[in-house]
Novice: 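Let me give you the structure first, and then I'll get to my questions.
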There are 2 protein chains.
Amino acid sequence: MTSVDEPARPNGRIRDAARTQAEILDVATQEFARAGYDGARVDEIAARTRTTKRMIYYYFGGKEQLFTAVLERAYGVIRDTEQQLDVEHLDPVAAIRRLAELTFDHHEQHPDFIRLVSIENIHGAEHIAASEKLGKIGSPALDVIRRILASGQESGLFTADVDAVDLHAMISAFCFFRVANRHTFGALFGRDLVDPAQREHYRAMLGDMVITYLTAERAAQ
Amino acid sequence: MTSVDEPARPNGRIRDAARTQAEILDVATQEFARAGYDGARVDEIAARTRTTKRMIYYYFGGKEQLFTAVLERAYGVIRDTEQQLDVEHLDPVAAIRRLAELTFDHHEQHPDFIRLVSIENIHGAEHIAASEKLGKIGSPALDVIRRILASGQESGLFTADVDAVDLHAMISAFCFFRVANRHTFGALFGRDLVDPAQREHYRAMLGDMVITYLTAERAAQ
DNA sequence: CCTAATGTACGAACCGGTGAGTTAGTCATA
DNA sequence: TATGACTAACTCACCGGTTCGTACATTAGG
C-alpha cells in the first residue's frame, strides 16, 4: 500500500522552486489578511506550507519583503482581471453601470485583497512605495472609465465636469466600504452589508448612484 | 531655579486617577492608530505617559481591554458630536446635503478614529462585540437621516424606496474611503484625496452624489 | 492609619531571523 | 550512458532581543 503521509506531488517533482514560492505566497496572503502585518506569524505561515520557515527567508528575504510580494501578486491579479474588461461596445450609460457592477463583483469575490489594502493603508502604503513593480502597475479600469466618460460627455449624456479618477474613487469607495467595514457596520447598525439576500439591492444601488450622478444637470457654478 | 525634569502638574495633584486614565487613553489612541493592534506596544504607550505600564494593567487589565476602552471613547466622541447635529430646520434637500458635509468634515478631522475602525474591522469587530457600551451606543445621525428622509419622501422630493441605513452607508463609504485609503490611492493614482486644495471639490462631489441619487426619478422596477 | 495609587524589577514565552550542513537535480564529459 | 562535479533547493537546530504581563515594595492623601 501507498504511504499515507507521503505528501501529494502534483507535478511529480520533490524540489520545485516555483511551486514552493507560490505555496508560500498563497498561505502568506491568507495569514496577513487574517491577522494584519504585525499579527501575522512567519512560523504560522511556514507551518501551513509543505516547506519551512528557512525557505521563506531564502526566497523572500524577510517578513517585510514577503508582505510586499503578497501585495504585488494581489495587485497583479486585479490588473489582469481589469485588462479583460469588455464594456466599451455598450452605450456610455450601460457601460459605466456595467463597469460599476464588475467592480462590485470583484470586491465581493476578493475579501482577502480588500483586507490587504486596508492593512497597507494602516502602514501608510510604505510597501507599495518600496516596490518597483507596484509603482508602475497602472489601472486598466481607469483607462476604460476615461474613454467611456469622454464619449459620454462628448455626446452630452454625461455632466461635463466629472473626472475619471474621481469617478473611480466614488465607485471604489462604495464597493470597498461594503466589504472592508462590514464587521463594524454590522455590529453597530445590525445590518450585514454582504448578506447574499441584499446583494442585488446594493449592486443596483451603486449603479443608480453613479448613473444619476453622471447624468444629472448640475446647478450652474 | 525650577527643576527642568519635574513634570507639570496642571491641577496640582500628584495622584489623580481620572487624569491618569485619560492620559493613558489619549496616548493609547495614538499608538493603536499609528501601528495597529498588534503593532502597538504597551511599553511605548507607558513611556509616552507620565505614568508607568503597571498603571495600564491596574486600570484597564490588559492590552485587549485597553483597545476596547479606546474604541469605546472614540465612538462616544462621535455620538456626542452627532447629538449636536442641527439640520432639521432646513428643507430636506439642504438638510441631507448639510448632514453629508458635516459627516465629511468629521471624517477629515478624526483620521485616528478612521484608522481605529479599519483596525477593528481587520479583527472582525471582536472588541465591539465584547463591549457592553458599544453594543447599545446607537447613532443619532442615523435617527436624523431617518426623519429627514421620511419628510422628503412624504413631500415627494425624494425617491420613495431609499432606506436610511443604506443612505448612511453611502455617505460614510465616500467619507471613509477618502481618508482610510488615501495612501494606497495616492501611491497608485498619484492623487491625494485629502489634499486641502481639493477639499471643497470632494465635499461638493459628495453632496451632489447624494442629492442626485435621492431626487432622481428611478425607472419603474 | 488605612488604602488607593504608583514605581521597580523581572520572568517567561514568543518571534523574527540565521549558521551550518545536506540532498536532489542537472549537465558536461568520457 | 555512466559518472562525477556543481549548484539550487532544502532541513535542522538554535539564538538573542522583544514584549506582555506580574510580584512585590512603596507612598500619597484622606
Side-chain angles (χ1 to χ4, degrees), chain A residues 3 5-28 30-32 34-70 119 123 126-127 130, chain B residues 3 5-28 30-32 34-70 119 123 126-127 130:
Chain A
S3 168
D5 31 60
E6 183 179 5
R9 304 291 191 189
N11 56 7
R13 273 177 72 104
I14 296 179
R15 299 191 163 198
D16 186 333
R19 203 215 48 211
T20 299
Q21 290 175 44
E23 195 175 341
I24 291 172
L25 282 178
D26 285 341
V27 175
Q30 295 171 28
E31 173 69 2
F32 281 123
R34 180 187 69 79
Y37 177 77
D38 291 287
R41 297 287 163 246
V42 178
D43 281 309
E44 177 65 20
I45 294 170
R48 287 169 52 203
T49 59
R50 275 174 291 180
T51 183
T52 62
K53 180 166 64 162
R54 192 68 187 79
M55 295 313 292
I56 294 175
Y57 287 87
Y58 180 68
Y59 282 122
F60 297 96
K63 188 180 184 183
E64 204 95 22
Q65 296 99 306
L66 176 60
F67 184 69
T68 303
V70 164
I119 291 161
H123 295 89
E126 62 181 18
H127 303 94
Chain B
S3 169
D5 29 65
E6 181 179 5
R9 303 290 190 193
N11 56 8
R13 275 179 69 112
I14 296 179
R15 299 191 162 200
D16 186 333
R19 204 218 47 213
T20 300
Q21 291 175 43
E23 195 176 343
I24 291 171
L25 282 178
D26 286 341
V27 177
Q30 294 172 28
E31 173 69 1
F32 280 121
R34 181 187 68 79
Y37 177 77
D38 290 288
R41 297 288 164 247
V42 177
D43 282 308
E44 177 65 20
I45 295 169
R48 287 168 53 204
T49 58
R50 273 174 291 178
T51 182
T52 62
K53 182 168 59 161
R54 184 65 189 81
M55 298 313 294
I56 294 175
Y57 287 88
Y58 181 69
Y59 283 122
F60 296 97
K63 188 181 182 182
E64 203 95 21
Q65 296 99 305
L66 176 60
F67 183 68
T68 303
V70 164
I119 292 161
H123 294 89
E126 61 181 18
H127 303 94

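Every chain is numbered from 1 and lettered A, B, ... according to where its sequence line falls, protein lines coming before strand lines.
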Novice: Would you give the length of the straight line joining atom CG of A:D16 to atom OG1 of A:T51, rounded to the nearest 0.5 angstrom?
Specialist: 11.5 Å
Novice: Among C:dT6, C:dA5, C:dG16, find the nucleotide with the atom closest to the side chain of A:K53.
Specialist: C:dG16
Novice: To the nearest angstrom, how far is A:R19 atom CZ from C:dG25 atom C1'?
Specialist: 15 Å
Novice: Taking OP1 and OP2 of C:dA5, is either one under 4.0 Å from a side-chain nitrogen or oxygen of B:T51?
Specialist: no
Novice: Between A:Y57 and C:dT18, is there a contact of a side-chain N or O with OP1 or OP2 at under 4.0 Å?
Specialist: no
Novice: Round to the nearest Å and state the distance from A:Y58 atom OH to C:dA24 atom P.
Specialist: 16 Å
Novice: Figure out the CG/P separation between A:D16 and C:dG25, and round it to whole Å.
Specialist: 10 Å
Novice: Of the residues in residues 34-46 of chain A, which ones touch DNA chain D at a heavy-atom distance under 4.0 Å?
Specialist: none
Novice: Nearest 0.5 Å, please: how far is CE in B:M55 from CD in B:E23?
Specialist: 11.5 Å
Novice: Would you kindly give the CZ-to-P distance between A:R15 and C:dT23, to the nearest whole Å?
Specialist: 9 Å
Novice: For A:R50 and D:dA9, what is the distance between atoms CZ and C1' respectively, to the nearest whole Å?
Specialist: 15 Å
Novice: Taking CD from A:E23 and P from D:dC10, how many angstroms apart are they, rounded to a whole number?
Specialist: 10 Å
Novice: Using side-chain hydrogen bond (donor to acceptor under 3.5 Å, both in side chains) as the criterion, list what pairs up with B:E64, not counting sequence neighbours.
Specialist: B:Y37, B:H127
Novice: Could you give the distance from CZ (B:R41) to NZ (B:K63), rounded to the nearest 0.5 Å?
Specialist: 5.5 Å
Novice: Could you state the CG-P distance from B:L66 to D:dT19, rounded to the nearest angstrom?
Specialist: 16 Å
Novice: Could you give the distance from CD (B:E44) to NZ (B:K53), rounded to the nearest 0.5 Å?
Specialist: 12.0 Å
Novice: Look at the side-chain N and O atoms of B:Y59 and state whether any lies under 4.0 Å from the OP1 or OP2 oxygen of C:dT6.
Specialist: yes
Novice: Does any non-hydrogen side-chain atom of B:V42 lie less than 4.5 Å from one of B:L66?
Specialist: no
Novice: Can you measure B:K63 atom NZ to D:dT22 atom P for me and round it to whole angstrom units?
Specialist: 14 Å
Novice: At their closest point, which heavy atom of B:T49 faces which heavy atom of B:I24, and how far apart are they?
Specialist: CG2-CA, 4.0 Å
Novice: Using OP1 and OP2 only, check whether a side-chain N or O of B:T52 sits under 4.0 Å from C:dT8.
Specialist: no
Novice: Counting only side-chain heavy atoms from C-beta out, which of C:dG16, C:dG7, C:dA4 sits nearest to B:M55?
Specialist: C:dG7
Novice: Out of D:dG21, C:dG17, C:dG19, which has the shortest distance to the side chain of A:R54?
Specialist: C:dG19
